[in-house]
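Input: a single structure, listed below in structure tokens.
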Amino acid sequence: MQSDPLSATFAALADPTRRAILARLSLGETSVKELAEPFDISLPAVTKHLKVLQRAGLITQGRQAQWRPCKLEAKPLQDVADWVEQYRRFWEARLDRLEAYLLELQAKDEN
């Protein structure tokens, strides 16, 4: 298990089944059985995916009588977005410099 929360989040997001589960949960709470329906895997396999998502803090599982609804927790996803944002700014700055250079070349060609 990863020691920092961001690594745990990225590790959990690395699997397409887990990302699909999160996409379903973005629509609202649902049961484990309902989450498992679209997948061609066993219920215990889905449960293992849910445990990875829980350890990463991406979902919580409540208890309402015999129903154990799963719920998306968005905070770790915001942390990922914040981390990626740093690099978006980096690439935008590089693209701005490239644009300035190309405009400079274009101006030289026109003269």
Side-chain angles (χ1 to χ4, degrees):
M1 187 69 195
Q2 289 74 29
S3 58
D4 68 287
L6 191 58
S7 294
T9 302
F10 276 116
L13 294 174
D15 185 275
T17 300
R18 292 194 284 266
R19 291 193 303 270
I21 289 170
L22 292 177
R24 170 58 188 89
L25 289 174
S26 71
L27 303 175
E29 291 183 10
T30 191
S31 69
V32 173
K33 183 180 176 189
E34 290 170 331
L35 283 172
E37 286 175 357
F39 303 107
D40 191 24
I41 56 177
S42 67
L43 196 57
V46 170
T47 300
K48 286 182 181 178
H49 284 298
L50 293 177
K51 286 181 181 177
V52 172
L53 292 169
Q54 282 181 304
R55 282 193 300 265
L58 289 162
I59 67 167
T60 54
Q61 197 168 15
R63 179 177 288 267
Q64 296 174 358
Q66 294 185 1
W67 191 53
R68 296 193 48 127
C70 293
K71 178 182 171 187
L72 176 67
E73 299 294 339
K75 172 70 174 89
L77 295 175
Q78 183 61 53
D79 294 342
V80 168
D82 292 344
W83 185 82
V84 170
E85 176 65 18
Q86 301 170 59
Y87 296 98
R88 186 184 65 77
R89 287 191 302 258
F90 169 80
W91 285 110
E92 282 183 357
R94 286 191 160 217
L95 289 173
D96 288 345
R97 285 197 306 261
L98 177 61
E99 180 182 20
Y101 177 70
L102 293 174
L103 288 173
E104 183 182 310
L105 289 178
Q106 187 177 19
K108 285 181 183 176
D109 284 347
E110 290 175 358
N111 291 332

Exercise. ring-ring contact (aromatic ring centres under 6.0 Å, His included) with Trp67: which residues, sequence neighbours excluded?
Worked result: none
Exercise. Say you draw a straight line from CG of Leu50 to SG of Cys70; how long is it, rounded to the nearest 0.5 Å?
Worked result: 5.0 Å
Problem set entry | Contacts of Leu103 that satisfy side chain to side chain contact (heavy atoms under 4.5 Å, CB included) - sequence neighbours left out | Glu99, Gln106
For this session: Could I get the full list of salt bridge (Lys or Arg N to Asp or Glu O under 4.0 Å) partners for Arg89, not counting sequence neighbours?
Result: Glu85
Exercise. Leu58, Phe39: one ILVMFWY side-chain cluster at the under-4.5 Å cut-off?
Worked result: yes
Problem set entry | Whether Glu34 side chain and Ser31 backbone form a donor-acceptor pair below 3.5 Å | yes
Problem set entry | Residues in side-chain hydrogen bond (donor to acceptor under 3.5 Å, both in side chains) contact with Glu92, at least two apart in sequence or another chain | Arg88
For this session: Please collect all side-chain hydrogen bond (donor to acceptor under 3.5 Å, both in side chains) contacts where either partner lies in residues 68-84, sequence neighbours excluded, each pair once.
Result: Thr60-Glu73, Lys75-Asp79, Gln78-Asp82
Exercise. If you round to the nearest 0.5 Å, how far is CG of Leu25 from CG of Leu72?
Worked result: 6.0 Å
Seminar exercise, completed: Between Pro76 and Gly57, the two heavy atoms sitting closest are CG-O, 3.3 Å
Problem set entry | Pair listing, salt bridge (Lys or Arg N to Asp or Glu O under 4.0 Å) test, anchored in residues 23-33, at least two apart | none
Exercise. Sequence neighbours excluded, which residues qualify as salt bridge (Lys or Arg N to Asp or Glu O under 4.0 Å) partners of Glu104?
Worked result: Lys108
For this session: Drop me the distance from Thr9's OG1 to Leu77's CG, to the nearest 0.5 angstrom.
Result: 7.0 Å
Problem set entry | Residues which pass side chain to side chain contact (heavy atoms under 4.5 Å, CB included) with Leu43, listed by chain and number, not counting sequence neighbours | Val32, Ala36
Exercise. Can you list every pair that meets side-chain hydrogen bond (donor to acceptor under 3.5 Å, both in side chains) and has a residue in residues 40-51, with sequence neighbours left out?
Worked result: Arg18-His49
Exercise. What's in the same ILVMFWY side-chain cluster as Trp91, cut-off under 4.5 Å, chained through other members?
Worked result: Phe90
Problem set entry | Residue from Leu35, Val46, Ile41 passing side chain to side chain contact (heavy atoms under 4.5 Å, CB included) with Thr17 | Ile41
Problem set entry | Full working for side chain to side chain contact (heavy atoms under 4.5 Å, CB included) between Leu13 and Leu22 | CA-CA 9 Å; Leu13 294 174; Leu22 292 177; 3.4 Å; yes
Exercise. Are Leu95 and Tyr87 in one and the same hydrophobic cluster, where Ile, Leu, Val, Met, Phe, Trp and Tyr link if side-chain heavy atoms are under 4.5 Å apart?
Worked result: no
Problem set entry | Hydrophobic cluster membership, Val80 vs Val52, 4.5 Å side-chain cutoff | no
Exercise. For Asp15, which residues count as a salt bridge (Lys or Arg N to Asp or Glu O under 4.0 Å) partner, sequence neighbours excluded?
Worked result: none
